[in-house]
Structure formats: C-alpha cells, structure tokens
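I have placed the structure first, in the form of structure tokens, so that the comments after it can refer back to it.
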Amino acid sequence: MAKELAKTYDPKGLEDRLYQKWLDKGYFHADVDPAKKPFTIVMPPPNITGQLHMGHALDNTLQDILIRWKRMQGYEALWQPGTDHAAIATEVKVISHLKEQGIDKNEIGREAFLAHCWDWRKEYGGRIIRQLHKMGSSADWDRERFTMDEGCSKAVQEVFLRLHDKGYIYRGAKIINWCPVCKTSISDAEVEHVDMDGFFWHIRYPIVGEEGRYVEIATTRPETMLGDTAVAVNPEDERYKDLVGKELVLPLTDRTIPVIADEYVDKDFGTGCVKITPAHDPNDFEVGKRHGLAQINIMNDDATINELGGKYAGMDRYAARKAMVEDLEKLGLLVKVVPHLHAVGRHDRCKTVVEPLIKQQWFVRMDELIKPASDAVRNGDIRLIPKRMEKLYFNWTDNIRDWCISRQLWWGHRIPAWYCDGCGEMVVAAEAPAVCPKCGKTHFHQDPDTLDTWFSSALWPFSTLGWPEETPELKYFYPTDVLVTGYDIIFFWVIRMVFSGLEHMGKIPFHTVLFHGLIRDSQGRKMSKSLGNGIDPLEVIDQYGADALRLTLVTGNAPGNDMRFYWEQVEASRNFANKIWNASRFIMMNLPEGEIGKPEEAHLEIADRWILSALNTIIRDVEDNMERYELGIAVQKVHDFLWDEFCDWYIELAKLRLMRKDEDPESANAALWTLKEVLGTSMKLLHPFMPFVSEEIYCTLYPEADTVMTAAWPVEDPARSFPEDEKEIELYKELVRGVRALRAERGVPHGRKTTLHIVGKDAEANEELRILQRSLRDMGRLLAATEVTIEDSKDAIPQDALPIVCSKMTAYVPLSEIVDKEAEIARLTAEREKAVSELKRAEGMLANPNFVNRAPAAKVEAEKEKVVKYRAMLQEIDSQLQAFA
RNA sequence: GGAACGUUAGCUCAGCUGGGAGAGCAUUCGCUUGACGUGUGAAAGGUCACAGGUUCGAGCCCUGUACGUUCCACCA
C-alpha cells in the first residue's frame with residue numbers, strides 16, 4: 001500500500017491496481033455464513049452480444065452502491081453476476097458473422113451452427129464482464145453464471161416439465177406474431193406498435209346472384225384477401241341486415257364467402273363491412289372461431305404469397321398488395337383509396353413488420369400463474385420504486401395473455417418434447433422415451449424449437465443459486481433483496497421473475513425493485529447505434545476515471561427518471577475526486593508519524609465539535625436516504641459535506657491551529673485528530689459511490705487497514721451531537737461572509753488587513769462572544785483582520801466604521817478612508833429599502849394571530865429574531881447615513 | 001383511444017411528511033490566500049408552464065388548460 005498519496009490525482013494509475021487487489025483478496029466473494037444476515041442482488045445478466053453501454057453503467061453503479069453499503073453494514077452481501085445467451089440477438093449476430101465468411105446457417109446444419117455460437121460465447125461472452133470490472137463492480141465473480149450453463153439449463157428443463165405436468169404449458173395452433181425476417185414466432189411483449197401512414201382501400205365484393213350489387217369493404221391489408229373466409233357486419237346494422245347469410249364473390253379468386261353478423265364489427269367505422277381473414281389477423285381469428293370459418297393461410301414464412309395465391313404466388317406481401325390493387329382497379333372493384341394512419345406491429349429487435357400467422361407453438365397459460373404475482377405487489381410484499389411503476393405492472397398483469405414461448409431458433413434451450421417417428425405421438429420428458437407408449441416404436445426426434453430467452457431469465461434469481469437442487473446457497477441467499485433494473489423490461493423480465501419465483505420457490509424473488517431511467521444524450525435523445533450518439537462508458541472511464549463516471553450517474557438521478565449525459569458533469573465529478581484527494585494530501589502532510597492520541601473532551605474546540613456534529617448529522621441523513629433508495633440525494637449530501645463544510649470551512653479553520661502548533665500543541669492535536677477522524681469516516685460514507693478514490697485515501701490514512709470495503713459503516717452517535725456548536729459556527733460563517741462581501745463590494749485587496757470590532761447584540765451575547773474570543777481570533781485570517789476586538793458598546797469604535805449586522809452581533813470595519821462617499825450612500829439607501837421591506841414582512845407575519853398560534857414555535861421564534869436583526873440593521877444604516885450627511 | 005411522467009436560474013436537473021427556492025455547468029468582478037487554478041472569494045440570474053381551488057401559509061395537495069416525452073391499446 002502506498003505510504004502517501006501521489007501528488008496529483010490520477011484515476012488511471014490507481015483504479016486497475018485497486019481492483020486487482022480486491023480480486024486477489026477475494027473481498028467480493030460471499031459465502032453462506034449463518035452468523036451473518038444475507039443481502040443479495042442478482043445482476044441482470046447482460047447479453048453475450050453486448051458491449052458495456054451507459055445503461056449497464058448506471059444499472060451496475062446503483063447495484064454496486066447498494067452491495068458495498070450493505071457489505072459494510074455487516075451483511076453477507078452477494079452480488080450474483082452472469083450473462084445471458086440472448087437467443088435471438090446472438091443467433092442474428094452469429095448468422096451475419098458467418099455470412100461474412102460465406103457460410104450459410106442452413107447449409108452447415110444445426111450442430112455446426114451451435115458450435116459457432118459456443119465459439120462466439122467463448123470469445124465475446126466475457127467481454128462485458130471485463131468491462132464491468134472497469135466500473136469497479138464488486139460482484140462475486142467466482143459465482144458467475146450463464147443462462148445456458150449446465151445448472152441453468154437443468155433449471156429450465158425442470159421448470160418446463162413441472163409447468164407441463166400442471167397443465168400450464170401446452171402446445172397448440174394459435175395465431176401468433178411472426179417475424180418474416182428472423183423467421184420465428186415472438187411474444188406479445190416483443191412487438192412494438194408504431195403509428196404508420198397507410199391507406200384504406202375500399203373494395204367491392206360482388207354479391208352472388210345479384211348482378212351489379214356489391215358489398216363494399218375497407219381494408220388496410222388488401223393482400224390478405226386471398227385468405228378471406230367471410231365478410232362480417234354488425235348484427236344491429238340496419239343497412240346490411242338483409243345481406244347476412246348471402247354469399248359474396250371473393251375477387252381475384254374463384255371462391256365465394258358468406259356474409260356473417262358479429263358484434264366485433266363497429267358500425268361507424270369504415271364502411272361497416274369487414275373482411276374476415278382468420279389466418280392473418282388476431283381479431284379475425286377470434287371471429288372465425290366463433291363462426292366456424294376455415295383458416296386459409298396464404299403466406300410463406302418469409303411473408304411471400306404461397307402456392308394458394310395463384311398468379312401472386314411467390315410475390316412479397318407488399319408487391320402482392322400493389323399487384324392486387326392494380327388488378328382490382330382494372331376489374332372496377334376498387335372504389336377509392338383513403339390515406340389512413342394506423343398502428344403497425346413491428347418486431348422490436350429488427351423492426352420488421354410482424355405478420356400474424358397461425359402456427360403450432362408452445363404456450364404458457366398465464367391466468368393462474370399471474371394471480372399471485374399481481375397480489376404480491378398489490379399487498380406490498382414486493383415494493384416497486386418509484387411507486388408509479390405499479391400501474392405499469394398491473395396494466396400488464398391484468399391484461400395478460402398466454403405466453404408464446406417457442407422460437408424457431410437454434411441457439412437456446414431445446415424444448416423437451418419428443419415425437420415418435422412411427423406414429424407422431426408426443427411425449428414431454430427430459431429424455432427421449434425408449435419405447436413409444438402408443439405404437440411401440442423406438443425412434444424419436446426432439447422438437448426442433450427452442451425457448452424464448454426470457455424463459456430462462458425468469459428463473460435467474462434461483463437458477464443461479466443452484467435450483468432445483470436444494471443447495472445451502474439457495475436456502476441462505478433466496479429470496480434476494482433488491483432488483484435493480486430499467487423500467488423498460490418490467491414486462492419482459494420483472495413480472496416473469498415474480499411469477500416464476502412464486503410458482504417454483506413458493507416465495508417472492510425479491511422484496512424491492514428499484515427502477516432507473518434511461519441515459520439520454522445531451523439533447524435528450526435515446527443513445528443508439530443508428531444515431532451514432534452513444535457515449536462509450538469505457539471512454540469516459542479512460543478520461544476521467546470510474547469514480548467520476550459513477551458519481552455522475554448517481555448524482556441527481558431520481559428513481560425511474562431518465563437523465564441526460566453531459567461531459568461537463570463528468571468533469572465536475574472528477575474535480576470533486578481531485579478536491580478530496582488534495583484535501584487528504586494536506587491532512588496527511590500535517591499528520592505526525594504513527595497514532596494520534598484522542599484529545600480530551602476539554603481540548604476539543606467549538607469548530608471540532610461542530611464538524612463532528614455535522615458529520616454525525618450527515619451519517620444519519622445518508623442512512624435515511626439510502627434506506628429509501630434515494631441514492632442520488634445521499635451522495636449529494638456526502639459531496640456537499642466534504643466540499644462545502646469540511647474543505648471550505650473546517651480545514652481553513654484548522655490551518656490556523658496547525659500553524660500555531662508550537663505555542664498551542666493541544667489545540668493543534670485536537671484539530672489533527674478531528675481532521676483524521678472526519679476524513680476517515682467520510683471516506684467510508686463515500687466508498688459505495690466512489691470506491692477507488694475512497695479506498696486509496698482510506699488505506700493511506702490508515703496504513704494498518706487492508707481496505708475500506710470491509711470497514712464498519714458509520715452509525716449515528718448521539719454523543720457526537722453538538723447542536724449548540726453547530727449554531728455558533730453558523731454565526732461565524734455569517735460574520736465571515738459579511739466581511740468578505742463588504743470587502744469584495746468595495747474592491748478591498750486581499751492583502752489589505754483591517755481591524756475588526758465586534759459588539760454583541762446584548763449583554764448575554766457579549767458574554768458568549770468573550771467565551772469564544774479565541775476562536776474568533778483564530779478566524780482572523782478568514783476575516784482578513786489583523787485584530788479582532790470585542791467591545792461592550794460601539795462607543796469606542798470610530799464613527800464611520802462600516803457595520804456588518806449579524807443575528808447576534810454587529811461587526812465594524814473601519815474602512816472609511818478607502819470608501820467612496822457617494823457610492824456608499826447609494827448602497828446604504830438601497831440596503832435600507834431592503835431592510836424595511838424584510839422587517840415589514842416579518843412584522844406582518846407576527847401580527848397575524850393565525851401564524852403565531854398555528855405555526856411551529858421555532859418558525860415564530862425565527863421571525864422574531866429577524867425583526868430584532870433588521871431593526872438593528874436599520875438603526876445602523878440610519879446612523880451611518882447620518883454620519884455621511 | 002387510454003395512461004403515466006415532465007414543465008423550477010441561460011443550459012441540465014435536485015427539492016423528503018406543505019413553513020420565504022438549491023446544485024453542477026455557463027456568466028460578471030476579484031484572488032499565485034501555506035492541499036487543490038481540476039482551486040478560491042463575491043455577485044448576477046427564478047410571478048417554480050397557465051388558470052382556478054384548499055390552507056394562516058402552496059414549487060409541493062385538489063380541479064382544469066396548454067405544451068413536451070414515453071408507455072399501453074385487436075377499430076378492420
């Protein structure tokens with residue numbers, strides 16, 4: 001460990017070194033320890049395709065703050081890390097990666113392709129983890145997991161089998177969201193709805209046997225008409241009542257379709273006649289089921305028209321649309337085309353317009369599973385922060401539909417279902433059965449589909465701890481405590497973890513969810529690759545250090561709120577690190593070798609008690625804020641305490657005593673002890689937020705300490721509360737500020753010292769001042785005074801001395817000789833006006849019986865004090881003006 | 001179509017259970033003051049979006065309006 005701090009603060013030089021030290025010493029590791037209480041956070045597993053971005057940086061900073069805080073509080077703090085196989089994201093990446101080498105996924109086949117995926121995972125899977133190290137993340141890397149490792153895969157399989165046994169998982173042909181580019185089904189959560197400009201095509205369907213009569217339908221998707229099996233009208237619609245039951249000619253085909261009546265149709269929208277295409281529209285699918293209509297699929301998996309499409313077969317859906325509209329026009333069946341804005345579903349990953357299709361898929365029945373998950377939040381077992389996220393949560397749980405979990409991908413957990421090669425009988429089991437229970441054949445093939453990547457993430461809080469085995473870790477660390485994540489994955493992940501935890505563990509997976517917002521660029525835009533406006537956290541760390549980045553991300557970050565990223569803010573954060581670095585250097589320069597004895601109570605001076613008391617207050621406040629997960633407020637308080645109180649006031653006051661250490665060693669010793677005590681404690685408070693700089697300072701300050709990481713978290717100490725001294729120091733500050741302002745206004749050069757005469761506002765105050773005389777003398781430097789005297793009355797003070805009116809005293813500075821009379825009169829007149837209005841206001845409030853009777857006594861008292869103060873000020877100003885006149 | 005969030009200093013944002021509005025950056029005028037110019041002192045800058053209401057008292061609570069952002073939604 002370094003014996004002294006380097007001359008300049010250089011985060012690069014110390015962050016990697018300290019992180020390596022922490023790793024070597026195993027400080028991040030957590031173990032089952034019955035003597036301690038556990039505190040657990042599971043890290044949202046980053047994708048193995050991922051690179052560290054600002055979202056990760058924020059997410060991990062918040063988690064690390066909580067973990068480090070709890071660890072210092074004496075909890076066995078486990079931060080469980082790992083990575084996600086990210087089924088579709090990875091598969092897409094690997095496909096394009098192979099494409100560059102001229103390799104086609106389908107040509108090399110499933111097994112070879114998977115080998116490439118594992119290669120990818122080997123090469124890139126650890127990249128983001130290494131990047132997280134740079135952030136200072138104190139996760140237990142010994143326990144790093146992967147959603148497709150043996151244990152997690154076992155958990156996935158077990159969950160599938162259990163849910164299937166209970167009838168919660170079923171296979172069926174339903175209409176699902178199909179991505180024609182990724183060529184897989186996707187869940188509702190993966191579809192984003194975007195308003196797009198489109199058209200309403202009004203098309204005539206001729207009525208069979210009634211020459212010249214038509215039904216006019218309006219559609220946004222004319223190409224699907226090849227799959228129409230009916231036209232529906234509202235049963236209450238008088239206009240079309242006679243049509244119900246009649247047959248229509250479906251144009252461009254040789255089929256006829258019936259007119260049916262269904263409540264689903266809105267009389268007042270469009271023409272009131274809706275073409276029904278059960279195979280290509282979720283609503284029509286439902287209508288079709290009600291009326292027993294045929295489902296005619298007219299599309300291939302790549303969204304081209306299939307062989308049923310006649311002349312349109314093979315055409316892309318949009319090309320077919322164009323061709324069909326043209327043909328309809330030629331036939332005179334196109335009535336009109338009306339521009340129409342409507343919501344279109346797109347695949348969130350590739351932005352392709354989703355195609356609703358009927359496919360055999362696997363589903364999880366949600367109705368029963370979701371209930372306890374909804375209740376857990378409703379009854380407060382799980383707290384969402386901020387609370388408004390509950391609305392989002394319930395919006396999803398209350399409207400949930402069955403979860404389509406099968407994907408037509410290769411990279412992922414294979415569905416444990418087996419089909420007999422002989423009779424097609426399906427068996428759901430961990431292993432292929434030896435003999436078909438139906439036909440007795442012995443050859444089976446596995447279902448080719450894999451599971452939605454969120455199926456495994458949903459198990460993360462317990463699969464990482466060894467479930468389904470009953471490991472000691474699982475017993476000890478589950479349920480976990482806090483989940484930290486962005487509100488954007490509340491549906492994908494949070495809800496699914498909750499119902500999975502409740503279903504398989506019988507317990508909630510965590511009691512608190514702390515949501516954070518998005519990091520946007522300085523113009524408020526989402527950071528994205530396509531915009532090229534992303535800021536690389538690693539670059540920020542490289543330039544300013546991880547501590548500065550962390551401080552930037554947590555400062556002013558209210559739960560659930562988005563924030564913008566500013567380089568200026570990072571610079572300010574780095575400046576803070578530099579500030580405390582230099583303050584520490586100053587303190588260490590003055591500290592003697594070895595231990596410094598704790599001074600006797602009597603030797604502690606007012607300033608010492610004040611700063612200790614202020615520190616004590618901060619300790620309490622920070623604790624309160626942390627417990628409410630107001631991390632941004634907590635760090636702000638530590639920051640302000642260190643910079644504004646400790647550096648700007650206490651250290652400045654202490655300097656004078658250090659300089660006089662030969663004549664008054666007790667005073668100097670008390671100051672030194674206090675400096676060390678306050679700095680050391682502050683570094684503990686700062687550590688969760690800025691782990692590196694606090695570690696370096698702390699370990700240099702206490703060479704016998706290995707780390708601040710495991711030091712005991714400061715607790716409030718009632719014996720260290722000195723409210724009286726805090727009040728006194730505020731008086732000093734008021735005085736110092738008054739002198740400074742007065743001098744600055746008149747441009748008195750810093751080097752020009754003056755005398756300063758102080759008169760207490762009454763006899764009692766005067767008595768107090770005498771007691772504090774020495775401290776006041778100490779402040780001579782801050783006051784730019786050669787001498788500070790305390791007078792019983794202003795009689796002995798030169799008539800033209802300038803007053804500085806404070807709450808309990810008035811100070812006089814004999815500056816008349818350097819003051820411009822005219823300007824002084826103008827200034828005094830302005831000040832008088834202000835004093836009069838303030839006085840009026842305070843008196844007004846006191847004259848209000850409602851205020852006097854109902855407001856807290858302290859408030860009333862404060863107003864009374866103001867009256868006294870401003871009256872004195874007025875008096876001073878008036879006599880001053882008189883002196884000039 | 002529903003809902004949430006936001007509107008506070010020139011910019012970006014804090015502001016806990018209502019008790020005379022704060023920070024960072026930027027601006028102006030000073031300072032090589034014994035750790036720090038990545039610093040330091042002083043100052044300027046706000047009818048807390050608008051309109052009502054509750055209250056002795058509202059940035060904060062209630063109602064409405066405007067603008068912005070986002071989420072949800074099967075009107076073809």
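Numbered from 1 within each chain, the chains take letters A, B, ... in sequence-line order.
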Whole-Å gap separating [atom2] ([N]) and [atom1] ([X]):
X        : N     : atom1 : atom2 : answer
A:Leu642 : B:A23 : CG    : C1'   : 16 Å
A:Lys859 : B:C56 : NZ    : C1'   : 14 Å
A:Asp488 : B:C72 : CG    : C1'   : 15 Å
A:Lys579 : B:C36 : NZ    : P     : 10 Å
A:Gln636 : B:C25 : CD    : P     : 11 Å
A:Glu568 : B:U12 : CD    : P     : 12 Å
A:Trp567 : B:U38 : CH2   : C1'   : 16 Å
A:Ile651 : B:U40 : CD1   : C1'   : 14 Å

Carboxylate-amine/guanidinium proximity below 4.0 Å for A:Glu734 and A:Lys869:
yes
Between the base of [N] and the side chain of [X], is there a donor and acceptor pair under 3.5 angstrom?
X        : N     : value
A:Glu630 : B:A14 : no
A:Arg564 : B:U12 : no
A:Lys655 : B:A35 : yes

Donor-acceptor under 3.5 Å (A:His280 side chain, A:Ile298 main chain)
yes
Relative to each other, are the rings of A:Trp567 and A:Phe565 parallel, tilted or perpendicular (30° and 60° limits)?
perpendicular
Angle class for the A:His340/A:Phe200 ring planes (parallel below 30°, perpendicular above 60°, tilted otherwise)?
parallel
Residue-phosphate contact under 4.0 Å: [X] side-chain N/O, [N] OP1/OP2:
X        : N     : value
A:Asn575 : B:G39 : yes
A:His340 : B:C75 : no
A:Arg401 : B:C74 : yes

Please classify the nucleic acid contact of [X] as base, sugar-phosphate, or nothing, using heavy-atom distances under 4.0 Å.
X        : value
A:Val852 : nothing
A:Arg854 : base
A:Asn561 : sugar-phosphate
A:Tyr264 : base

Scan side-chain atoms only and decide if A:Asp562 and A:Tyr487 contain a donor-acceptor pair under the 3.5 Å cut-off.
yes
If you check every side-chain atom of [X], which of [options] has the closest atom?
X        : options             : answer
A:Ala741 : B:A35, B:A43, B:A76 : B:A43
A:Trp643 : B:C56, B:A42, B:G39 : B:G39
A:His342 : B:A76, B:G15, B:U70 : B:A76
A:Ala572 : B:G24, B:C36, B:A73 : B:G24
A:Leu392 : B:A42, B:C71, B:G19 : B:C71
A:Lys391 : B:A35, B:A4, B:A14  : B:A4
A:Arg520 : B:U69, B:G41, B:A35 : B:U69
A:Phe851 : B:U40, B:G19, B:A76 : B:G19
A:Asp648 : B:C71, B:A43, B:U40 : B:U40
A:Asn578 : B:A35, B:C36, B:G39 : B:C36

Listed by chain and number, what are the side chain to side chain donor-acceptor pair (under 3.5 Å) partners of A:Arg239, not counting sequence neighbours?
A:Asp237
Inter-nucleotide C1' distance (B:G46, B:G52), Å rounded
23 Å
Of A:Asp266 and A:Glu192, the one whose closest RNA chain B nucleotide lies more 5':
A:Glu192
Residue mapping more 5' on RNA chain B - nearest nucleotide basis, A:Phe269 or A:Asp562
A:Asp562
Passing candidate, ring-ring contact (aromatic ring centres under 6.0 Å, His included) with A:Phe491, options A:Trp396, A:Trp403, A:Tyr393:
A:Trp396
A:Met563 to A:Thr552 - nearest heavy-atom pair and separation
CE-O, 3.8 Å
So which atom in A:Ile385 and which in A:Tyr629 form the shortest heavy-atom distance, rounded to 0.1 Å?
CD1-CD1, 3.3 Å
Dot-bracket for RNA chain B, please. Rules: Watson-Crick or G-U, both distances under 3.5 Å, ( ) within the strand, [ ] when a pair crosses earlier ones, | for another strand, . otherwise.
(((((((..((((.....[..)))).(((((.......))))).....(((((..]....))))))))))))....
